[in-house]
Amino acid sequence: MSEEVLLTADPKAGFAAHAAEIRSAIERVLASGHYILGPEVAAFEREFAAAHGGGECVTVANGTDALELALSALGVGAGDRVATVANTVSATVAAIEQLGARPVFVEIDPATMLMAAPALEAVLAREAGAVKAVVPVHLYGQPADLPAIVAAARRHGARVLEDCAQSHGATIAGRPAGTWGDAAAYSFYPTKNLGALGDGGAVFTRDAAVAERVRLLRQYGWRTRYVSEIAGRNSRLDELQAAVLRVQLAHLGAGNARRRELAARYLAQLAGAPVRLPAVAPGAVPVWHQFTVRTPRRDALLAFLAGRGIRAGVLYPVPLYRQPAYADPALLLPHTEQACAEVICLPVHPGLDLADVDRVAREVIRWASAP
Ligand SMILES: *Cc1c(COP(=O)(O)O)cnc(C)c1O
C-alpha cells in the first residue's frame with residue numbers, strides 16, 4: 001500500500017479490519033428491540049471495567065460529557081478551580097467551564113510534554129485550597145506521572161480525574177492509566193485507540209458513590225424511572241455504539257501492540273535524524289495514540305510531507321489560554337508554547353504496516369537533509 005495517502009488516523013480502516021464482526025453485532029442490536037441503555041451497554045460497561053482489573057464503568061454520550069459528569073460527581077461546581085494542561089483539546093477545558101468552574105493551567109514537562117508534577121505542586125500551593133480537582137491528560141497515549149501527580153493532589157485535598165481519551169490500555173508503574181485517580185474519563189470518538197462509529201464516552205472509577213452519581217446525572221437524575229432525584233441530563237451511549245465498542249474492545253490489545261511495533265520502527269528509523277523523538281517516562285507503557293516528533297520548522301515539514309501524500313497532524317497548535325474562548329493574556333507557559341509550536345504527529349494506527357512507517361521516516365530524513 002506504500003504509495004497511498006497516509007493519514008494520522010484512519011477510522012475506516014479500523015472498521016474494515018473487523019467489518020464482519022461489527023456488522024453482525026449491529027444486526028444483533030437491530031433485531032433485539034433495545035436501542036438505549038440495554039444489554040449491550042451493560043455488557044460493554046462490565047467488559048471495560050474488567051479491562052481495568054475491576055471497578056465500575058458508566059458510559060455516556062461522549063468524552064466531554066465523561067469529563068464534565070465525572071468532575072461534577074467529584075464535587076466540582078461553580079466557582080471552583082480545576083488544574084489541567086493547556087496543550088490538550090478544547091474538550092478538557094470545555095467540560096470544566098460547563099460546570100461554571102475555572103481552569104488553572106499547569107506547565108508541562110519539556111521532555112514528555114505531559115503535566116509536570118513539580119509545576120502542579122507549585123500551583124496547588126499558590127491556590128491554597130481553591131483547586132478542587134486536577135485533570136492530567138495522558139496525551140498521545142503517554143501516561144502522565146500519576147504517582148507524583150496523585151500524591152501532590154492528595155497533599156492539597158484535590159481530587160484527580162484522569163483524561164484517558166488518548167490512553168486506552170496504557171500503563172504506568174505496572175498499573176493501568178485510569179486506575180490512579182478518583183475517576184477517569186474516556187472518549188470513544190472514532191479516531192481514538194478504542195473508537196465507536198459515532199460519539200461515545202465513559203467514566204471509569206473504583207468509587208461506588210462517584211459511579212452512582214454519574215449514573216444519575218446521565219439520565220435526568222433518575223434512580224427510579226420518571227423520578228428525578230437530582231438535576232441531571234441526557235448523556236447516554238446507544239446500544240449500537242456499545243455493540244461496536246464490544247467488538248473493538250476485544251481487538252484493543254492487538255491494535256495497541258501494532259501501534260507499539262510501528263512506534264519502535266519509527267524510533268529506530270529516525271534515530272539520529274534532526275527531529276526530536278518522543279520521550280517515554282520511566283515505568284510508562286504508552287499506547288501511541290500519536291507518534292509525535294518535534295522540530296522548530298514544523299510547518300515546513302508538515303507541508304513537505306503533505307506534498308508526498310503523508311497527512312501528518314498537529315495536536316495541538318495553540319495553547320488553550322491563547323484561544324479566544326479561554327484567553328488569558330497574562331499567562332505564559334514557555335514549555336507549553338514551545339511544544340505547541342514544534343509538535344508534528346506522524347501517521348501511526350493499526351491500519352499501517354512497517355513499510356508505511358519506513359516510507360514516512362524516509363521522507364522525514366529527506367526533508368531534513370534538503371538544503
Ligand atoms: C477526544 C478527546 C476528548 C473529548 O472527547 P469527545 O468524545 O470528542 O468529547 C477529551 N480529551 C482529550 C485529550 C481528547 O483527545
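Both counts, for ligands and for their atoms, begin at 1 and track the order of listing. Values below: all heavy atoms of this structure, side chains included; hydrogens, waters and symmetry mates excluded.
- Atom NE2 of residue His335 and atom CE of residue Met113 lie 12.5 Å apart, to the nearest 0.5 angstrom.
- At the top of the distance list for atom 9 (O) of ligand 1, counting protein heavy atoms only, stands Thr64 OG1, 2.5 Å.
- Set against the non-hydrogen atoms of Val89, the atoms of ligand 1 under 4.0 Å away are 2 (C), 3 (C), 10 (C), 11 (N), 12 (C), 14 (C).
- The heavy atom nearest to atom 12 (C) of ligand 1, out of those in Ala165, Gly201, Ala196, Ser167, is found in Ala165.
- With values rounded to the nearest 0.5 angstrom, Leu346 atom CG is found 15.0 Å from Arg311 atom CZ.
- Checked by distance only, ligand 1 and Ala91 stay at 3.5 Å or farther apart across all their nitrogen or oxygen atoms.
- Distances between N or O atoms of Tyr189 and those of ligand 1 include no value under 3.5 Å.
- Residue contact check: Val137 has heavy atoms under 4.0 Å from atoms 13 (C) of ligand 1.
- Distance from atom 11 (N) of ligand 1 to its nearest protein heavy atom, with residue and atom name: Asp163 OD2, 2.8 Å.
- Aromatic rings from Tyr186 and Phe48 are positioned such that their centres are separated by under 6.0 Å.
- Atom CZ of residue Arg308 and atom CD of residue Glu363 lie 5.5 Å apart, to the nearest 0.5 angstrom.
- Applying the 4.0 Å criterion to heavy atoms of Thr92 picks out, from ligand 1, the atoms 11 (N).
- For Arg322, the CZ atom sits in a packed shell: over 12 heavy atoms of surrounding residues, nucleotides or ligands are nearer than 6.0 Å.
- Below 4.0 Å from some heavy atom of Thr88 lie the following atoms of ligand 1, by number and element: 13 (C).
- Contact analysis puts Lys192 in contact with ligand 1, with a non-hydrogen atom separation below 4.0 angstrom.
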How far apart are the C-alpha atoms of Glu45 and Arg218, what are their side-chain angles, what is the distance that settles it, and do they pass the salt bridge (charged side-chain N to carboxylate O under 4.0 Å, His left out) test? CA-CA 14 Å; Glu45 290 181 342; Arg218 80 169 168 188; 2.9 Å; yes
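- Using a 4.5 Å heavy-atom threshold, the side chains of Pro39 and Glu239 count as touching.
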